[in-house]
Structure formats: C-alpha cells, structure tokens
Amino acid sequence: MPNAAVIFFSHRAETYDPERAPTTLTKGYAEIVARRIAAAIEAPTFQVIPERDYSRDYASCMAQAKRDKEEGVFPELLYDMDPIDFKSVVLVYPNWFGSCPMPMFTYLSHHSFEGKKVIPVCVHDGKGIGQTEKHLKAALPGARLLKGISVPGKDFPSREQELLSSVKEALAAPLPEE
C-alpha cells in the first residue's frame, strides 16, 4: 500500500442520532471509520487528543466545541506525531459546526503538509462535509488536498466497502496539480 498515515479526531461519549436522540458510544464514529481505513490500507494511525477532553455529555460537548470555534481556541494536545515520513495522509474527523473540530486544527497548525496528498474523510450525522474542505485548504498551505469524502457515521457499516474503495482510489491516484 502507499506510504500513508491515518490521523483522526474522535469523541467517544454521548452522540446525537437524529432518529433516536442521544446515544452513548464507547468509540466515536470517526475512530471506528479511521481504524477500518487504516486496517484496509495497512497504515499507522494517530489519534489527536486534546489535553482537556470535551464533556461526555452531548449538549455540554457541543457548547464547548462551538465556543472553541467562535473564539478561535486551538486546544493544547496531549501528545503529537509528526507526519513528515508519510507522502499521504488521510484525515478523519467529525463535522462539528460545519468544520473540523478545533483540536484537529491545532494538530494541523503544528506541522507542514507541503507536497503531501491529503484525503479528508468527514464523519457526520447527516449534515455532510460542511465547509471542511475550504477550512482545510486554508489550514494546509502547499498540501495537495483531494476532494473530501463524507459518510454518515451510523451508516458506515452499510457503506464501508464504498468508503474504503474511495480512499484506496484516492491514494492510488497521481498527486493533483496545484
């Protein structure tokens, strides 16, 4: 497989399912998706974890995430991994308020992705990829950002093969022109 890494942010706790109301997950949907992608492409994973975790309560978590976004807070991370040795990076994250969660932006701001192929994979609750591609393009100067892939978290099991095929195709494709 290609020289790639899977970098993800996921929140395990209470999550919102529009059809069933809040439900508690032992692994966030983004983590489940990231680990399946990593296994399929035989790539290492790195989980972006903020020093101060978000609340396990859905409403409190979303209130903090919204404040972080509105105030431009880049939460400190618990630890770090430099993607310097990888030619391609698959970023997996939930859609929080139309964008990536701020801890992911903290991680991205600490590293250069210049010349790297970056494949965004947005896990959402029905709201799609939002503005994440636009925000990632601004956060990743010099990166070769591919078109984002979105998947509803609760639908992942039925769409897993489709998603894995899309990621594999993106990794195999030549680098896009700038």
Side-chain angles (χ1 to χ4, degrees), residues 1-13 15-17 25-50 53-54 61 65 68-69 75 77-83 85-111 113 116-140 143-173:
M1 274 288 128
N3 179 359
V6 177
I7 299 168
F8 71 95
F9 172 84
S10 190
H11 186 253
R12 66 181 94 183
T15 189
Y16 182 73
D17 179 338
L25 300 175
T26 56
K27 283 187 181 176
Y29 288 130
E31 179 175 359
I32 294 166
V33 169
R35 294 202 185 279
R36 290 296 302 134
I37 291 171
I41 64 172
E42 299 175 6
T45 59
F46 174 73
Q47 183 173 5
V48 174
I49 301 173
D53 203 5
Y54 288 87
C61 173
D68 285 355
K69 182 180 177 193
L77 302 180
L78 196 55
Y79 54 90
D80 203 0
M81 185 274 300
D82 194 332
D85 294 331
F86 301 98
K87 292 179 182 172
S88 300
V89 174
V90 180
L91 297 177
V92 183
Y93 53 87
N95 175 338
W96 280 8
F97 301 99
S99 193
C100 296
M102 292 305 289
M104 183 63 88
F105 285 117
T106 299
Y107 176 80
L108 298 176
S109 71
H110 290 170
H111 302 287
F113 289 80
K116 293 185 188 304
K117 183 187 295 187
V118 177
I119 304 159
V121 177
C122 179
V123 181
H124 58 86
D125 63 0
K127 295 184 177 103
I129 202 160
Q131 296 291 311
T132 62
E133 292 169 302
K134 175 183 157 189
H135 298 156
L136 286 172
K137 185 171 180 66
L140 297 168
R144 304 294 178 86
L145 188 65
L146 275 61
K147 180 167 178 43
I149 301 168
S150 75
V151 62
K154 67 183 182 76
D155 293 346
F156 174 67
S158 65
R159 296 185 54 197
E160 180 175 359
Q161 291 310 311
E162 174 189 344
L163 173 67
L164 296 178
S165 293
S166 295
V167 170
K168 287 177 182 178
E169 285 176 27
L171 286 169

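Since this is a predicted model, take the numbers as computed values, not measurements. Along the sequence shown, residues carry numbers from 1.
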Nearest heavy atoms of [X] and [Y], plus distance in Å:
{"X": "P75", "Y": "D68", "answer": "CG-OD2, 3.9 Å"}
{"X": "G98", "Y": "N95", "answer": "N-OD1, 2.8 Å"}
{"X": "A30", "Y": "V123", "answer": "CA-CG2, 3.9 Å"}

Sub-4.5 Å side-chain heavy-atom contact between [X] and [Y]:
{"X": "F156", "Y": "R36", "value": "yes"}
{"X": "P94", "Y": "P101", "value": "yes"}
{"X": "S150", "Y": "H124", "value": "yes"}
{"X": "P103", "Y": "I49", "value": "no"}
{"X": "H111", "Y": "D80", "value": "yes"}
{"X": "C100", "Y": "F105", "value": "yes"}
{"X": "P83", "Y": "I7", "value": "yes"}
{"X": "V6", "Y": "L91", "value": "no"}

Find the distance between [atom1] ([X]) and [atom2] ([Y]) and round it off to the nearest 0.5 Å.
{"X": "F113", "Y": "S88", "atom1": "CZ", "atom2": "OG", "value": "11.5 Å"}
{"X": "K168", "Y": "Q161", "atom1": "NZ", "atom2": "CD", "value": "7.0 Å"}
{"X": "M102", "Y": "F97", "atom1": "CE", "atom2": "CZ", "value": "12.5 Å"}
{"X": "E160", "Y": "D155", "atom1": "CD", "atom2": "CG", "value": "13.0 Å"}
{"X": "I119", "Y": "I37", "atom1": "CD1", "atom2": "CD1", "value": "9.0 Å"}
{"X": "Q47", "Y": "R35", "atom1": "CD", "atom2": "CZ", "value": "6.0 Å"}

Could you please spell out the steps behind the side-chain contact (heavy atoms from CB on, under 4.5 Å) verdict for V33 and V121? CA-CA 9 Å; V33 169; V121 177; 4.2 Å; yes
Between K137 and E133, does at least one N-O distance fall below 4.0 Å, as a salt bridge requires?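 Here K137 does not pair with E133 in a salt bridge, since their nearest N and O are not under 4.0 Å apart.
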Can you check whether [Y]'s main-chain N or O pairs, donor with acceptor, with [X]'s side chain at less than 3.5 Å?
{"X": "K87", "Y": "K116", "answer": "no"}
{"X": "K117", "Y": "A170", "answer": "yes"}
{"X": "N3", "Y": "D85", "answer": "yes"}

With no hydrogens and no angle check, just 3.5 Å: does a side-chain donor-acceptor pair link H11 and D53? no
Can you find a side-chain donor-acceptor pair between S10 and Y29 that sits under 3.5 Å? no
Determine, stepwise, if the pair V92 / T45 fulfils side-chain contact (heavy atoms from CB on, under 4.5 Å). CA-CA 10 Å; V92 183; T45 59; over 6 Å; no
Quick check: F46 with Y79 (ring centres under 6.0 Å apart)?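 Yes, the ring of Y79 comes within the 6.0 Å limit of the ring of F46, centre to centre.
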Let's go through Y107 and F8 carefully: what are the C-alpha distance in whole Å and the side-chain angles of both, what is the deciding distance for side-chain contact (heavy atoms from CB on, under 4.5 Å) to 0.1 Å, and is it a yes or a no? CA-CA 10 Å; Y107 176 80; F8 71 95; over 6 Å; no
Could you walk me through whether K69 and S99 satisfy the side-chain contact (heavy atoms from CB on, under 4.5 Å) test, starting with their C-alpha distance in whole Å, then the side-chain angles of each, then the deciding distance to 0.1 Å, before giving a yes or no? CA-CA 9 Å; K69 182 180 177 193; S99 193; 4.3 Å; yes
